[in-house]
Q: 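Have a look at this one before I ask anything.
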Amino acid sequence: MPDSANDFNCLLNSDHIAIEGLEVAAVIGVFDWEKEIKQPLFIDLMMAWPNRVPAASGELTDALDYDRVSRAVTQWIQARPYGLIEEVAEMIAEQVCREFGVALLRVKVAKPTAIESARSVSVTITRRAGDSAS
Ligand SMILES: Nc1nc2c(c(=O)[nH]1)N=C([C@H](O)[C@@H](O)CO)CN2
């Protein structure tokens, strides 16, 4: 079984926090006309986190604050133009691990405006903290 499949099973079997369908207006795409407009991206995140700790303490500081993560992800995507949705997924994975101390996560980036005859297209990656983007 490839490592990413093992990691994903590990994520499913562990405590995690999820953010689903986070909509971000982005400059995204490889074609020139796409660099002049904003298109919506929808981000799903599944992030390993020991939820017993905040459950016991009742403290937001022990929890992975989904509000802060959502705002940070939006800000990172809107900070500059991106070409491939793969680049966006890798950037989110790296930054969430680094900035929020997440050890393992799954990131899905969907671009519903990409193909007229398709409801959406997407990429999904599973990464551990410290994984290189290559
Ligand atoms: N694997 C990918 N294929 C394509 C991407 C992408 O980001 N990843 N992007 C494009 C264009 O930007 C397209 O979305 C314009 O409609 C084409 N293929």
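Values in this document were obtained by computation on a predicted structure and should not be read as measured data. In listed order, ligands and their atoms are each counted from 1.
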Q: Taking D7 as the fixed residue, which of R106, R127, R128 is the one that meets the salt bridge (charged side-chain N to carboxylate O under 4.0 Å, His left out) rule?
A: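 When R106, R127, R128 are each tested with D7, the salt bridge (charged side-chain N to carboxylate O under 4.0 Å, His left out) holds only for R128.
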Q: With the 4.5 Å side-chain cut-off for hydrophobic clustering, are I85 and I19 part of the same group?
A: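 Yes, because I85 and I19 connect within a single hydrophobic cluster, where side-chain heavy atoms sit under 4.5 Å apart.
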Q: Taking only heavy atoms of the protein into account, state which residues are under 4.0 angstrom from an atom of ligand 1, in chain and number order.
A: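 Within 4.0 Å of ligand 1, protein side: G29, V30, F31, E34, L84, I85, E86, K111, A114.
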Q: Measuring only between side-chain heavy atoms, which start at C-beta, is I77 closer than 4.5 Å to I92?
A: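 SC-SC contact between I77 and I92 confirmed.
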Q: For D32, enumerate each residue passing the side-chain contact (heavy atoms from CB on, under 4.5 Å) test, keeping only those at least two apart in sequence or located in another chain.
A: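 In terms of side-chain contact (heavy atoms from CB on, under 4.5 Å), with neighbours along the sequence ignored, D32 is linked to K35.
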Q: Same hydrophobic cluster for M47 and F8, using side-chain heavy-atom links shorter than 4.5 Å among ILVMFWY?
A: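 Unlinked, M47 and F8 end up in two clusters.
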Q: Quick check: do M91 and Y82 have side-chain heavy atoms less than 4.5 Å from each other?
A: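 The answer is yes; the side chains approach within 4.5 Å.
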